[in-house]
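These numbers were taken from a predicted model, which means no experiment stands behind them. In what follows, chains are A, B, ... by sequence order, proteins preceding strands, each numbered from 1.
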Protein chains: 2
Amino acid sequence: MNLTPNLTSFVMHFGEMGSRWGFNRTVGQMYALLVISAEPLTANDIAETLNISRGNVSMGLKELQSWQLVQLSHLPGDRKDYFRAIGSIWDMAKRVMEERRKREIDPTLSLLRDMLLDKPSNSQEQHAQQRLQEIHDLLESVTKWTNELQRLSPDNLNTLLKLSSGVGKVLDMKDKFIGKEERKENR
Amino acid sequence: MNLTPNLTSFVMHFGEMGSRWGFNRTVGQMYALLVISAEPLTANDIAETLNISRGNVSMGLKELQSWQLVQLSHLPGDRKDYFRAIGSIWDMAKRVMEERRKREIDPTLSLLRDMLLDKPSNSQEQHAQQRLQEIHDLLESVTKWTNELQRLSPDNLNTLLKLSSGVGKVLDMKDKFIGKEERKENR
DNA sequence: CTGAAGTTTCAGTAATTTCTGAAAATTATA
DNA sequence: TATAATTTTCAGAAATTACTGAAACTTCAG
């Protein structure tokens, strides 16, 4: 398959970004290609279009499938495996968030839980535990919140994002009007 | 400086996680160490405690300063540079979010804006542009929303997180009660 | 100005991650 | 069952990223 220069540059860019989003360059390229492609593609199509090895494509597709971003399908009378991107772009964002939470937050949270069970054995640990507690609470809030997001439909996610920025403004107002003393109590 | 085994394992763990959060292993370790330490530390303290080279510490501190997570301070009558973690843990979360948005979202958003200005030159581009538009809109929403978050105090951030999960439930209810037809119109 | 105390830089090396491609495995067809 | 079509695996090569440590630089005190 041949891409226009514009689309090629998008695919390449997405590859670079991919590495920041948790998958490697070629996996990013592969996903971008599948997203913009109108029809499902075979692994060979992908390898050819992106100039990467067949083996690499196979591994990349496996990863994209494990992220549930890509789906295998078959054409009648054709033995080859065809792949296409599944879900809306919001679904993909949710998947990425969830995956990142698993990798980036969950392990730390569980380590922190364990550490906070131990009584601090000296003043160094005493001070450290306060800090750890703060981190723990933060991560726990974020986890709860992302769980919540997972359950929402794309429509509702959109609504929520918009509501949130409004609420942010309201909370700001509250701060402006309520006296310092009262605010201190809430800390 | 000598850490208890517990704290050592936390620092090491944070190092591993660091690489997933956008900075490398030793930078993560350095930050963890500074966060749990009651007093500011010198670059030498850090190098010794973590068993890493002095040069590496220097580079790492520079990076942490650029993220505005660590601050240089001086002790009276002492020429050495002391460093400490600044801000609450929420401030650090905000910084990480902002930094990641800059690296992970902004460049893609600006590429997409440019691409969407071009008229699609054939049916392949036609289809692709629809997809790109969706991605663009998503990224733009997320950007607006993170800008909003940046402005909130830790207190209000907390409140907002809690509110959001409530709102999520309400939106769910709406979906349950409103008939399918009506929902379709909103798509 | 000199040198001691401290910090930064950066070329080279080490460690890690990604990619290739040939061989092995799988699956369908005749 | 044999064989042809296709996919997967994985050892090693290539590319990337992180780290070291010696040399260069900065700053200050005498």
Side-chain angles (χ1 to χ4, degrees), chain A residues 1 11-34 40-67 70-84 99 103-104, chain B residues 11-12 14-34 40-67 70-84 99 103-104:
Chain A
M1 202 176 54
V11 167
M12 293 303 140
H13 173 93
F14 209 90
E16 301 310 324
M17 285 300 137
S19 60
R20 306 182 192 254
W21 277 93
F23 30 76
N24 69 33
R25 185 155 42 89
T26 46
V27 171
Q29 292 173 2
M30 290 169 53
Y31 184 63
L33 180 59
L34 287 169
L41 303 175
T42 65
N44 279 320
D45 292 339
I46 298 172
E48 247 176 73
T49 310
L50 300 177
N51 274 303
I52 59 185
S53 76
R54 189 59 189 67
N56 198 5
V57 171
S58 176
M59 293 187 295
L61 286 170
K62 226 173 67 178
E63 181 164 359
L64 286 170
Q65 282 175 287
S66 85
W67 283 59
V70 149
Q71 200 176 40
L72 178 64
S73 63
H74 285 103
L75 261 52
D78 188 339
R79 195 162 133 198
K80 291 197 278 295
D81 289 351
Y82 285 81
F83 296 88
R84 58 202 185 77
E99 203 65 32
R103 301 177 178 198
E104 299 174 359
Chain B
V11 167
M12 294 303 139
F14 210 90
E16 300 312 323
M17 284 301 136
S19 60
R20 306 182 192 253
W21 277 93
F23 30 77
N24 69 33
R25 185 153 42 89
T26 47
V27 171
Q29 292 173 2
M30 291 169 52
Y31 184 63
L33 180 59
L34 287 168
L41 303 175
T42 65
N44 278 321
D45 292 339
I46 297 172
E48 246 176 73
T49 309
L50 301 178
N51 275 302
I52 59 185
S53 76
R54 189 60 188 67
N56 198 6
V57 171
S58 176
M59 291 188 296
L61 286 170
K62 226 173 68 178
E63 181 165 359
L64 286 170
Q65 283 175 285
S66 85
W67 283 60
V70 149
Q71 200 175 42
L72 178 63
S73 64
H74 286 104
L75 261 52
D78 187 337
R79 197 163 130 198
K80 289 196 283 294
D81 289 351
Y82 285 80
F83 296 87
R84 58 201 184 79
E99 202 65 32
R103 301 177 177 199
E104 300 176 357

* Please state whether the rings of A:F23 and A:W67 are parallel, tilted or perpendicular, taking 30° and 60° as the class boundaries. => perpendicular

* Structure fact -> The reported gap from CG in A:N56 to CG in A:N24 (rounded to nearest 0.5 angstrom) is 7.0 Å

* For the atom pair OG1 (B:T26) and CG (B:N51), what is the distance rounded to the nearest 0.5 Å? -> 12.5 Å

Distance in angstrom units between [X] [atom1] and [N] [atom2], rounded:
X	N	atom1	atom2	answer
A:K62	C:dT18	NZ	P	15 Å
A:E63	D:dT9	CD	P	14 Å
B:K80	D:dA29	NZ	P	14 Å
B:L75	C:dA5	CG	P	18 Å
A:L50	C:dT18	CG	C1'	15 Å
A:N44	D:dA5	CG	P	13 Å
A:R20	C:dT18	CZ	P	14 Å
B:D78	D:dC28	CG	C1'	13 Å

Compare every heavy atom of [Y] with every heavy atom of [X], then report the nearest pair and how far apart it is.
X	Y	result
A:L34	A:R84	CD2-CA, 4.3 Å
A:M17	B:E104	SD-O, 3.9 Å
A:Q65	A:V70	CG-O, 3.7 Å

I'd like a list of close polar pairs between nucleotides 13-23 of chain D and the protein, N/O only, cut-off under 3.5 Å.
residue : atom : partner : partner atom : Å
D:dC19  : OP1  : B:T26   : OG1          : 3.4
D:dC19  : OP2  : B:N24   : OD1          : 3.3
D:dC19  : OP2  : B:N24   : ND2          : 3.3
D:dC19  : OP2  : B:T26   : OG1          : 2.6
D:dT20  : OP2  : B:S53   : N            : 2.8
D:dT20  : OP2  : B:S53   : OG           : 3.2
D:dT20  : OP2  : B:N56   : ND2          : 3.3

